[in-house]
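Data block below; observations after.
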Amino acid sequence: MEQRLAQATTELIQELYGQELATAKITVQKTRSEFKGDFTIVTFPIARFSKKSPEQTADELGAKLIERLEELAGYNVIKGFLNLELSDDFWLDFVKKEKTNTEIGFNKSSEVNAPVVIEYSSPNTNKPLHLGHIRNNLIGYSISNILEADGFNTAKVNLVNDRGIHICKSMLAWQKWGEGETPEQAGVKGDHLIGKYYVMFDGAYKQQVSEMIEQGHSEEEAKKNAPLLLEAQQMLKKWEEGDSETVALWKKMNDWAYKGFDKTYKRLGVDFDKIYYESETYLLGRNIVLEGLEKGILFKKEDGSVWADFSEEGLDEKLLLRSDGTSVYMTQDLGTAVLRYSDYNPHEMIYVVGNEQIYHFDVLSRLLKKLGYQWYGKVKHLSYGMVELPEGKMKSREGTVVDADDLMEEMIARAKETTQELGKIEGLTREEAEKLYHTIGMGALKYFILKVDPQKTMTFNPEESIDLNGNTGPFIQYTHARIKSVMRKAEDKGASDEFTTIPSIHPREKVILKRLYDFPNVVKQASQTYSPALIANYTYELVREFNQFYQEVSILSAETQQQAGFRLSLAEVSAKVIHNAMGLLGIDVPEQM
RNA sequence: GGUCCCGUAGCUCAGUUGGAUAGAGCGACGGCCUUCUAAGCCGUAGGUCCCAGGUUCGAAUCCUGGCGGGAUCACCA
């Protein structure tokens, strides 16, 4: 409709004033709620062409537009703002049409066939997932949904960081002090057990360092030459050489981690189409580097380390292979990128990775370019901000890291507590009740995180996140449940949702209609800006407006059957939009709560 | 120091390609359950949109310069 209005206005300007004005230049916006109307055309810029005052221009355009577009029922002008009112029939038709459309808001026609490959999660196998990973996973999963809803094909991929010095640290600590402990024995998830040994390594290493400093070594030297670190480095070398004992230990411990991760992912409700392992891609990266070295694109230093030189582009030199021949992060990311490109021939490759790695991805794309990969521009780093606590940053050293599993558990427990307090589990089986606690707890967590613009650093306040009132996931879920309840009651009463026409549309209804009408635009915009937050905030506005309507206007006891039918239909469409929108965020909405 | 990101109510956040009197939630205070679920609704209080210039009919939004906070520039990932 906005398009039609802009189009018609352009034509009118041409006819009335003989001026060519690009349709895109015309601003058609939603009319602010305090004024009468549905869409508003701002006529200040047009006044220059009409050589009349903005008010006069608006008047002229308004009069003509009404003649021309049958959807328009009236207009008013305030200052330079031309407020256009759509006919009630337009809105009634809209409801009739969307009532049967389960895919409301989703664009199924795809202009692009090549998939958008989206990487997220990217865990290290040396420790369990924490709050930062949760944000990452939720953003990645949601953006994949949103892109699908916008007509793209997507492939969700995970890149597991399953090799490297940090993994060796956990392995070494377990080998030294673990006494064969297994997750089963310890009664903890495998990823948590491994994390325990990683922390253990870190503690012992720090102690060695401080002892060495006491013995007169410099700090730098101590950090570099602490026996434990040297042992870990030795282990990495052995691993890269394929030493069978080291590899066996590595496999065993990584398996523990994977089993733990799977549980976490399942609970979080995220999944992947394909999982890449760095242990399987780093050699490819190394070969590419060696090839680049042969071609003279890269260079070797005296100590045998291999580098890329970006000094001409204003950046630094970047290490690609250590002097002992082992790979670094960039090496494996290079290999993974090349492999992934050949696997998918993608439209785009999106990496959901924290904003601390902006430089890394800048270098990765420059490196790809330097090495002759023409598709380097398809690599997109979708960087998101860190999650902080009210006290400040999470620090593993100080034990302030919020563990993903613990957090989910707490949220669900809180949902259970509140639900029971409010006595909302009447008529539910035990199983259904448990499912509901999960739905609400996870809804609260996911919404709390996704409503914030991904780009921004966010504060995670446990107190607030657990809140179930106000701008929260459970508030949205509650509204959905309310609508469903009304629909069930309607069915019991035998009330029909059929209608042909009604005398007039209530202002509270109009607000909702306009909001619902906007949903496809919001999905489109969320897709273009990779922002689940737009969907979250949109949904909140919708349910707030619905609750105002619900409070003020009776659906089932409407004055006439026609009116009841219309209101019921309006509620149904609202429920569908809430359902679909929350689905894009990976949040379930219950039938009852 | 270079590059990048951020700065809106006491706190957490919205604010479309520049548009009308800058909005929510939480917290505070006061109302509303014989009527579709009170996890709700209504009202009150709360603002130098970090500062200063500039562009424009019009700036929280764009430009320049400051100030404040963060990230990054590793033989860490």
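Throughout, a chain's letter reflects where its sequence line sits, starting with A, and its residues are numbered from 1.
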*Parallel, tilted or perpendicular for A:Y282 and A:W239, by the 30°/60° rule?*
tilted
*Okay, side chain of A:T419, backbone of A:K424: is any donor-acceptor separation there less than 3.5 Å?*
no
_Among B:A20, B:U72, B:U37, which nucleotide has an atom closest to any side-chain atom of A:E356?_
B:U72
_Separation of the C1' atoms in B:A14 and B:C26, to the nearest angstrom_ = 14 Å
*Identify which nucleotide among B:C41, B:U37, B:A20 has an atom closest to any side-chain atom of A:F35, counting heavy atoms from C-beta outward.*
B:A20
*Between atom OH in A:Y447 and atom C1' in B:G25, what is the gap in whole Å?*
9 Å
_Atom pair distance, as rounded to whole Å: NZ in A:K456 and P in B:C5_ = 14 Å
*For B:G18 and B:C41, measure between their P atoms and round to the nearest Å.*
33 Å
*Nearest-Å distance, NE2 (A:H381) to P (B:A77)?*
17 Å
*A:Q477: which of A:L436, A:L468, A:V589, A:I578 passes side-chain contact (heavy atoms from CB on, under 4.5 Å)*: A:V589
*asked:* Between B:A28 and B:U16, how many Å separate the two C1' atoms, rounded to a whole number?
replied: 33 Å
*Which whole number of Å gives the distance between the C1' atom of B:A74 and that of B:U17?*
41 Å
*According to the interplanar angle, ranging from 0 to 90°, do the rings of A:Y550 and A:F546 count as parallel (below 30°), tilted (30 to 60°) or perpendicular (above 60°)?*
tilted
_Distance check needed: B:U17 C1' versus A:Q528 CD, whole Å only._
11 Å
*Check every atom of B:A20, B:A39, B:A24 against the side chain of A:I78 and return the nucleotide holding the closest atom.*
B:A20
*asked:* Quick check: on RNA chain B, is the nucleotide nearest A:N355 upstream (toward 5') of the one nearest A:Q332, or the reverse? Name the residue that is more 5'.
replied: A:N355
*Would you classify A:S383 as touching base, sugar-phosphate or nothing, given that sugar-phosphate means primed atoms plus P, OP1 and OP2, and contacts are heavy atoms under 4.0 Å?*
nothing
*Find which nucleotide of RNA chain B each of A:E541 and A:K451 is nearest to by heavy atoms, and output the residue with the more 5' nucleotide.*
A:K451
_Under 5.5 Å and under 30°: A:F81 stacked on B:A20_ = yes
_Proximity to the side chain of A:N124 - top-ranked nucleotide from B:A77, B:A20, B:C11_ = B:A77
*Consider the side chain of A:F44, meaning its heavy atoms from C-beta on, and name the nucleotide among B:C6, B:G19, B:A39 that approaches it most closely.*
B:G19
*Nearest heavy-atom pair of A:R366 and A:F310: which atoms, and what distance?*
CB-CE2, 3.6 Å
*Rounded to the nearest Å, what distance is computed from the CD atom of residue A:E572 to the C1' atom of nucleotide B:C36?*
14 Å
_Chi class for B:C33: syn within 90° of 0, otherwise anti_ = syn
*Find the distance A:E552:CD to B:C33:P and express it as a whole number of Å.*
16 Å
